[in-house]
Amino acid sequence: MSSGTQIKAKAAAQKSKTSSPLPSSPEPAVKPQPKPSDKLNPKTIDPFAAPSRTPSAFAATYAKGGIPCRLMHGSVKHRLHWECPLETVPFDPLLVTLAEGLRETKHPYTFVSKEGFKELLLVEGATEKAIPLLPRLVPVLKAALAHSDDEVFERGLDALVQLSAVVGPSLNDHLKHLLTNLSRRLMDKKFREKITVALQMLEQYGGKATVTIIKSKIPTYCSVFP
């Protein structure tokens, strides 16, 4: 091969290398921007989404129809529709199941558990039905009061006051198990007033004997009785 031919071959090879397209770098993934409405709507279960984890006992019970009520969506507020008269609904195990649901963090479980617990305690004869369940209710309420989610804690606190209003002094034997978590939350300024009011109501419903129990865990508590 002549020298001229070799030079032309080399030049063609170099041109082929320089003209070959460079591998394109992958485009960065674009993250979807949150919509303003996301802040307004509560965290809701998507019935069409693939389950990310095993459902809780409360969610499984609700899905199977084990809780005889359904959520009715209203234009102003939601309400529960009970499938039978509340007076005929067995407290055991429903009241305990609803108390367990207080630890849920997604709609509709949060509303069903909170509202169902409150409404069940308003029926006639609730005192006699709820007192035997206290040994099972107290550990469940304690778990809600110890929860890291603020809304779960508040639901647990409201439920505790509602239960105290129904069972009265019968709660005193179990109260010390619940006060430790209330004492810890008292350190948080945003809960201080709400917890103080709750303690005062517990004292009113439980009688003067409740003061000694509260002070054993929260020495700074001031009695509402003169």
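For the single chain, residues carry numbers from 1 onward in sequence order.
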field: H107 vs L71, side chain to side chain contact (heavy atoms under 4.5 Å, CB included): CA-CA, chis, key distance, verdict
entry: CA-CA 10 Å; H107 186 79; L71 177 62; 3.5 Å; yes
query: Does a side-chain heavy-atom distance below 4.5 Å link M201 with S164?
result: no
query: If Ile, Leu, Val, Met, Phe, Trp and Tyr residues are connected whenever their side-chain heavy atoms lie under 4.5 Å apart, and connections chain through other members, are L199 and V161 in the same group?
result: no
- request: Show your working on side chain to side chain contact (heavy atoms under 4.5 Å, CB included) between T196 and Q200 and close with a plain yes or no.
  value: CA-CA 6 Å; T196 300; Q200 292 172 345; 3.9 Å; yes
- prompt: S170 and H174: which non-hydrogen atoms are nearest, and at how many Å?
  reply: O-CD2, 3.7 Å
field: Shortest non-hydrogen separation from D149 to E151 and the atoms involved
entry: OD1-N, 2.8 Å
message: Does any part of the side chain of V89, heavy atoms only, come nearer than 4.5 Å to the side chain of L86, both counted from C-beta?
response: yes
- prompt: Would you say the side chain of I218 lies within less than 4.5 Å of the side chain of I195, judging by non-hydrogen atoms?
  reply: no
statement: Taken to the nearest 0.5 Å, the spacing of Y205 OH from Q162 CD works out to 9.5 Å
message: Could you tell me if R185 sits above the aromatic ring of F153, with its cationic atom closer than 6.0 Å to the ring centre and no more than 45 degrees from the axis?
response: yes
message: Taking V123 as the starting point, is it possible to reach V167 by hopping between hydrophobic residues whose side chains are less than 4.5 Å apart?
response: yes
message: How close do F58 and I67 get, counting heavy atoms only, and between which atoms?
response: CE1-CD1, 3.3 Å
message: Is any side-chain heavy atom of D150 closer than 4.5 Å to one of K190?
response: yes
field: Backbone N/O of Y221 and side chain of K215: donor-acceptor pair under 3.5 Å
entry: yes
query: Given L186 and L182, is the side chain to side chain contact (heavy atoms under 4.5 Å, CB included) satisfied, shown in steps?
result: CA-CA 6 Å; L186 269 173; L182 297 187; 5.8 Å; no
- request: Take D92 and R136, measure what salt bridge (charged side-chain N to carboxylate O under 4.0 Å, His left out) needs, and give me the verdict at the end.
  value: CA-CA 10 Å; D92 186 6; R136 292 158 58 191; 3.0 Å; yes
- prompt: Does atom NZ of K194 have more than 12 heavy-atom neighbours from other groups under 6.0 Å away?
  reply: yes
message: So, using ring-ring contact (aromatic ring centres under 6.0 Å, His included) as the criterion, who are the partners of Y62 when residues are at least two apart?
response: Y109
field: Enclosure of K176 NZ (heavy-atom neighbours >12, cutoff 6.0 Å)
entry: no
hydrophobic_cluster_shared for L133 and L145, side chain cutoff 4.5 Å: yes
message: Please find the pair of heavy atoms, one from L179 and one from I213, that lie closest to each other, and give the distance.
response: CD1-O, 3.4 Å
message: Are D158 and F117 packed together at the side-chain level, in the sense that at least one heavy-atom pair is separated by less than 4.5 angstrom?
response: no
field: Closest non-hydrogen atom pair between A126 and V166, with its separation
entry: C-CG1, 3.8 Å
message: Any non-hydrogen side-chain atom of L121 less than 4.5 Å from a side-chain atom of L95?
response: yes
field: Chi angles and distances behind the side chain to side chain contact (heavy atoms under 4.5 Å, CB included) call for L141, L102
entry: CA-CA 8 Å; L141 291 178; L102 296 172; 3.8 Å; yes
message: Under the side chain to side chain donor-acceptor pair (under 3.5 Å) definition, can you give me all pairs with a residue in residues 79-91, not counting sequence neighbours?
response: W82-E119
- prompt: Does L160 reach the side chain of L171, with side-chain heavy atoms less than 4.5 Å apart?
  reply: yes
task: Could you tell me whether a side-chain N or O of E203 sits under 3.5 Å from a main-chain N or O of V224, the two making a donor and an acceptor?
output: yes
message: Could you report the tightest heavy-atom contact between G116 and L80, atom names first, then the distance?
response: N-CD1, 3.4 Å
Within-4.5 Å side-chain heavy-atom neighbours: P93 and T97: yes
